[in-house]
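Residue numbers count from 1 along this sequence. All values below come from the heavy atoms of this structure, side chains included, with hydrogens, waters and symmetry mates left out.
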Amino acid sequence: MSFPEIVSREQWRAAREELLRKEEAVRRAREVLGAERRRLPMVEVDPEYVFEGGDGKATLLDLFEGRAQLVVHHFMFAPEWEAGCPCCAAFLDQVGHLAHLRARNTSFAAVSRAPFTRILPFKARMGWAVPWYSSSHSDFNRDFEATVESGDDLAERPGLSCFLRDHDRVFHHYSVYEGGLDGLGTTSALLDLTALGRSPAGSDRLRLHDEYDF
């Protein structure tokens, strides 16, 4: 293991200030990129996808739970697998309490191709309360490129897709996959991927997660 150089407090402060200027430049660039992402055009979702979840059958519109936005975690869990992907599980472990997203008019759900009968025990094993649905009887994963052709087989890949709702119309606004998920998972990072950003209509200031009035 190689440790950083040992210096005086004054040398450290000078080096830290130089690095801070670079960090601030990255932050400003990220804000500009976020604004461009929010201006990304969207496309209406026409197929009637049907999922299976804890309450039975559900449509993509149902996954919004009445909110304006939906973030879907494409969790790698193929129909023949006995358990979900460890990397996807580590990502989902980082997702905070969903009350903070929900207070900002945004729902979150995981979707996998595995049948719900396999998802349910794995979800219980991991101790997750996040909504999780099976897309095994639809082309949802393939249409949103979370399941792709790999030679003669199908391959899963992790990702996030963001959707926007206008009454009963659903629109796909943004998706990111694989290495693009690095650094995501927090409430603010997930909201930064959405069309409405961190302050969608109906949002409120941050509160303790048990103090939101839904």
Check: Given Leu20 and Arg16, is the side-chain contact (heavy atoms from CB on, under 4.5 Å) satisfied, shown in steps?
Finding: CA-CA 6 Å; Leu20 180 59; Arg16 179 67 189 97; 3.6 Å; yes
Check: Within a radius of less than 6.0 Å around CD of Glu5, do more than 12 heavy atoms belonging to other residues, nucleotides or ligands occur?
Finding: no
Notebook entry, point to check: Shortest non-hydrogen contact from Pro131 to Glu65?
Noted result: CG-OE2, 4.2 Å
Margin query: Are Leu70 and Thr106 packed together at the side-chain level, in the sense that at least one heavy-atom pair is separated by less than 4.5 angstrom?
Written below: no
Item checked: Transitive ILVMFWY side-chain link Leu184 to Phe75, under 4.5 Å -> yes
Item checked: Met76 CE to Cys85 SG distance, which is reported to the nearest 0.5 Å -> 3.0 Å
Notebook entry, point to check: Taking a hydrophobic cluster as the set of Ile, Leu, Val, Met, Phe, Trp and Tyr residues connected by side-chain heavy atoms closer than 4.5 Å, whether directly or through intermediates, do Leu181 and Leu98 fall within one such cluster?
Noted result: yes
Notebook entry, point to check: Under 6.0 Å from the CG atom of Asp166, do we count more than 12 heavy atoms belonging to anything else shown?
Noted result: yes
Note to self: Atom CD1 of residue position Ile6 - does it have more than 12 heavy atoms of other residues, nucleotides or ligands inside 6.0 Å?
What the structure shows: no
Next item on the list: Measure the acute angle between the ring planes of His172 and Phe144, then classify it against the limits of 30° and 60° as parallel, tilted or perpendicular.
Entry: perpendicular
Notebook entry, point to check: Between Arg27 and Glu31, does at least one N-O distance fall below 4.0 Å, as a salt bridge requires?
Noted result: yes
Check: Does Arg157 use its side chain to pair, donor to acceptor, with the backbone of Glu178 at less than 3.5 Å?
Finding: no
Note to self: Can you give me the closest heavy-atom contact between Tyr212 and Arg207, atom names plus distance?
What the structure shows: OH-N, 3.1 Å
Next item on the list: Give a yes or no on this: more than 12 heavy atoms of other residues, nucleotides or ligands lie within 6.0 Å of atom CG of Asp55.
Entry: no
Check: Under 6.0 Å between ring centres, would you say that holds for Phe171 and Phe163?
Finding: no
Margin query: Membership question, hydrophobic clusters at under 4.5 Å side-chain separation (ILVMFWY): are Val50 and Trp132 in the same one?
Written below: no
Margin query: Testing the 3.5 Å rule here: is there a donor-acceptor pair between the side chains of His74 and Ser161?
Written below: yes
Note to self: With heavy-atom distances below 4.5 Å as the criterion, would you say the side chains of Leu154 and Arg142 are in contact?
What the structure shows: yes
Notebook entry, point to check: Between Ser107 and Arg67, does any side-chain donor sit less than 3.5 Å from a side-chain acceptor?
Noted result: yes
Check: Any idea which heavy atoms bring Pro121 and Thr117 closest together, and the distance?
Finding: CD-O, 3.0 Å
Notebook entry, point to check: Passes side-chain contact (heavy atoms from CB on, under 4.5 Å), Lys57 versus Phe51? Steps please.
Noted result: CA-CA 6 Å; Lys57 302 296 182 182; Phe51 306 89; over 6 Å; no
Next item on the list: For the pair Arg30 and Glu23, find out whether any cationic side-chain nitrogen is under 4.0 Å from an anionic carboxylate oxygen.
Entry: no
Margin query: Applying ring-ring contact (aromatic ring centres under 6.0 Å, His included), can you list everything that pairs with His97, at least two apart in sequence or on another chain?
Written below: His209
Item checked: Val130-Met126 co-clustered via ILVMFWY side chain contacts under 4.5 Å -> yes
Item checked: same_hphob_cluster(Val95, Tyr133) at 4.5 Å side-chain heavy-atom cutoff -> no
Note to self: Does any part of the side chain of His137, heavy atoms only, come nearer than 4.5 Å to the side chain of Arg113, both counted from C-beta?
What the structure shows: no
Item checked: Nearest-0.5 Å distance that lies between atom CG in Asp139 and atom CG in Asn141 -> 9.5 Å
Notebook entry, point to check: Is a side-chain donor-acceptor pair under 3.5 Å present for Asp153 with Ser150?
Noted result: no
Next item on the list: Measure from NZ or CZ of Arg9 to the centre of the six-membered ring of Trp12, then state whether that distance is under 6.0 Å and the direction lies within 45° of the axis.
Entry: yes
Notebook entry, point to check: Should we say atom CD of Glu48 is surrounded by more than 12 heavy atoms from elsewhere, each under 6.0 Å from it?
Noted result: no
